[in-house]
Structure formats: C-alpha cells, structure tokens
Amino acid sequence: MIDLHTHSLYSDGTMSPLELVDYAADHGVNTLALTDHDTVAGVSECMSIALSKGMNFISGIELSVNWSNKVIHVVGLGIDIKNRNLLNLIDKQQLMRDERARNIAIQLEESMGLKNGYNKACEIATGGLIARPHFAKILIQEGYCKDMKTAFTKYLKRGRSGYVRTQWVDLRECIATIVNSGGVAVLAHPKRYKFTRTKLLELLIDFKEVGGKAIEVIAGMASNDEVSYLSSLCNKFDLLASVGSDFHGKDLTPYSMKRLRALPEQCKSIMQILQ
Ligand code: AMP
Ligand code: MN
Ligand code: MN
Ligand code: MN
C-alpha cells in the first residue's frame with residue numbers, strides 16, 4: 001500500500017515519526033510520505049526511521065495556498081528539504097501562521113472571552129507551528145464545544161468568529177517552488193473544498209498551467225463515487241494520480257489509513273515519476 005499524505009506532531013498530527021512509521025507498517029503501507037503543513041521539520045527523522053524498517057520513503061510537505069479567493073492545499077513530493085527557495089517559502093508561511101494565530105486568539109477573546117489563546121496554542125503546538133486544530137483542542141478543553149468537528153463548524157471555519165483570512169502563497173509561486181526544489185506538485189483532496197464542478201475544472205486548468213502534475217484520487221475518506229469522478233478528471237486533464245490518507249492520528253482520523261485502496265486501473269500513478 002502507498003500513502004503519500006500523512007501528518008506528524010511536527011504540524012497538527014498526534015504521532016511522532018516513529019509512531020507514524022509503525023502505524024503505517026501495521027496498515028500494510030510500504031511507501032510513505034510525510035507531508036506536514038508548511039514544514040519539513042519531521043522529514044529527515046521520519047526518513048531514517050522508515051528506511052531502517054525497510055519502508056520506501058518520499059519527502060513531502062503540504063502547503064496552504066490562496067487561489068481565487070479560496071484556500072486550497074498542495075502537496076509537494078520528492079522535494080529537496082534543503083532547497084533555499086523552499087525554505088524561504090516555508091519561513092514566510094510560518095510567519096503567516098504565527099500572525100494568524102495571534103489574530104485568531106484576539107478574535108476568540110473578543111467574541112467569546114477565551115483568555116490567553118495564543119500562549120495556550122503555543123504550549124500545545126508540538127512542532128512549534130500553530131494550526132487551527134490546536135485552537136480546536138483548547139476550545140474543547142475549556143468546554144466551549146464537544147469535539148473537533150464542532151469546534152470548526154461553530155468557531156474556526158470561514159465565516160465564524162475565530163476565522164482569520166491569511167495571505168498564503170499563491171498557486172503559481174507554490175508550484176514553482178516545489179518544482180524548483182526537485183519535487184512534484186499534487187492537488188490535495190480535491191473534493192474537500194466543496195467547489196462546484198465548474199470551479200474544480202477551473203482550478204485544474206490553472207493547476208496544470210502552472211506545472212501541477214497530479215491530483216489525489218484516493219484521498220482520505222473519499223467515497224468510491226468520488227474516486228471514480230476524480231480518476232475521470234485525471235484522464236481529462238492528463239494528470240497523474242496520487243494516494244493519500246491524510247492521516248493525523250488515531251483519534252483525529254481513525255479510519256483514514258484503513259481505507260487506503262489501490263488506484264483505479266485507468267489511472268497513471270504518480271509513483272511512475274517518484275522512483
Ligand atoms: P490550518 O492549516 O491551520 O488552517 O488547519 C487546517 C487543518 O484543520 C486541516 O489540515 C485539518 O487537519 C483540520 N480541519 C480542517 N477542517 C476541519 C473540520 N471540519 N473538522 C476537523 N478538522 C478540520
Ligand atoms: Mn491538518
Ligand atoms: Mn489538507
Ligand atoms: Mn493533510
């Protein structure tokens with residue numbers, strides 16, 4: 001089994017690279033990529049553990065991107081984690097995350113009286129990088145909501161009191177940087193954005209034009225219908241297909257790695273250009 005989209009405690013996952021590699025091995029994964037949000041801090045540690053256990057490893061990252069007034073996620077695979085341009089981009093994204101976290105904290109304090117949110121988020125952000133699930137955790141701990149899903153729907157998603165617009169990198173620069181660092185750009189979980197068909201087609205046209213090579217066809221908890229729709233888009237746009245559980249931890253995403261499947265036969269796998 002191949003899994004080219006996973007998270008560790010270096011971003012908003014709950015497992016160390018060692019725990020992640022063991023969990024992946026237990027789920028039949030023999031090719032793994034670590035793709036933490038806007039960081040490569042866990043990549044070398046994860047690579048040496050994976051290789052020592054006889055697992056193929058691909059270095060990766062998941063970048064937050066502004067496109068057409070929306071936020072999308074692009075996974076970079078096979079990147080050189082020492083590439084200067086890539087490291088500069090990561091620095092910028094992390095500065096944005098920090099500034100956003102301070103603003104989320106201010107808004108949550110003003111709207112509902114949550115105290116000291118920024119410092120609390122820093123304390124629980126195991127990789128030093130703050131993502132919205134860290135705020136979700138605080139909101140749950142302090143009794144504002146019962147679970148992660150509610151934290152997002154009530155407070156953290158676009159339109160809610162804790163949402164802060166952020167100037168992430170644009171699609172062209174994101175993909176150029178991935179390519180410049182020797183990597184391949186993959187559109188993460190295309191169905192998660194809840195775009196209309198037309199909007200998704202527009203995105204794929206832009207994505208292709210600026211050098212995107214693949215889309216996740218088996219993505220997280222995607223249904224069989226979604227998988228066949230996405231594989232038809234691969235054919236239409238001559239894109240390669242990727243597979244990624246988007247695993248974040250046993251509690252956060254208990255089924256995502258269990259639901260990994262092989263790609264539909266008509267798809268050309270991204271593995272063709274990664275090995
Ligand atoms: P951020 O990159 O800081 O905006 O955080 C995005 C992350 O929050 C995603 O990668 C998911 O891990 C998590 N997330 C987003 N939406 C939801 C949701 N509705 N329920 C649970 N987790 C979510
Ligand atoms: Mn995440
Ligand atoms: Mn994502
Ligand atoms: Mn992800």
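For ligands, and for the atoms within them, numbers begin at 1 and follow the listed sequence.
- When distances from the Mn ion (ligand 3) to the N, O or S atoms of His73 are compared, ND1 comes out shortest.
- Within the 2.8 Å limit, His189 places at least one N, O or S atom next to the Mn ion (ligand 3).
- For the pair Lys120/Glu142, a side-chain contact is recorded, criterion being any heavy-atom separation below 4.5 Å from C-beta on.
- Close approach to His248 involves these atoms of ligand 1, each under 4.0 Å from a residue heavy atom: 10 (O), 12 (O).
- For Lys199, the NZ atom counts as densely surrounded, since its 6.0 Å shell holds more than 12 non-hydrogen atoms of other residues, nucleotides or ligands.
- A 6.0 Å sphere centred on CD of Glu202 holds more than 12 heavy atoms belonging to other residues, nucleotides or ligands.
- For the pair Arg102 and Tyr118, the cation-pi criterion (under 6.0 Å, within 45° of the ring axis) is fulfilled.
- Looking at His7 against ligand 1, nothing comes within 4.0 Å, counting heavy atoms.
- No other N/O/S atom of Glu62 lies as close to the Mn ion (ligand 3) as OE2 does.
- Side-chain contact check for Val179 versus Ile175: some heavy-atom pair is nearer than 4.5 Å.
- Arg197 forms a cation-pi arrangement with Tyr229, by the criterion of a distance under 6.0 Å to the ring centre and an angle within 45° of the ring axis.
- Short contacts between ligand 1 and Ala131, defined as distances under 4.0 Å to a heavy atom of the residue, involve ligand atoms 3 (O).
- Residue contact annotation: His5 places no N/O/S atom under 2.8 Å from the Mn ion (ligand 3).
- For the Mn ion (ligand 2), the N/O/S atoms of His7 include none lying under 2.8 Å.
- The residue from Lys149, His37, Arg100 that puts a heavy atom closest to atom 3 (O) of ligand 1 is Arg100.
- The protein atom (non-hydrogen) at minimum distance from atom 18 (C) of ligand 1 is Phe152 CG, 3.5 Å.
- Looking only at distances, no side-chain donor or acceptor of Thr166 sits under 3.5 Å from a matching main-chain atom of Trp168.
- Because the distance cut-off is set at 2.8 Å, Asp246 fails to qualify as a neighbour of the Mn ion (ligand 3), as none of its N, O or S atoms comes that close.
- Taking atom 6 (C) of ligand 1 as the reference point, the nearest protein heavy-atom neighbour is Arg132 NH2, 3.9 Å.
- Phe237 has its ring centre no less than 6.0 Å from the ring centre of Phe207.
- Taking only non-hydrogen atoms, the option from Lys157, Glu62, Met148 nearest to atom 21 (C) of ligand 1 is Met148.
- The protein heavy-atom contact nearest to atom 7 (C) of ligand 1 is Asp12 OD2, 3.6 Å.
- Contact annotation for Arg97 and ligand 1: only side-chain heavy atoms (C-beta onward) come within less than 4.0 Å of the ligand.
- With the Mn ion (ligand 2) as the vertex, OD2 (Asp12) and NE2 (His37) define an angle of 100°, rounded to 10°.
- Asn119 and Asn116 are linked by a side-chain donor-acceptor pair at a separation below 3.5 angstrom, with hydrogens and angles left out of the test.
- The shortest non-hydrogen separation linking Val71 to Tyr193 is O-CD2, 3.9 Å.
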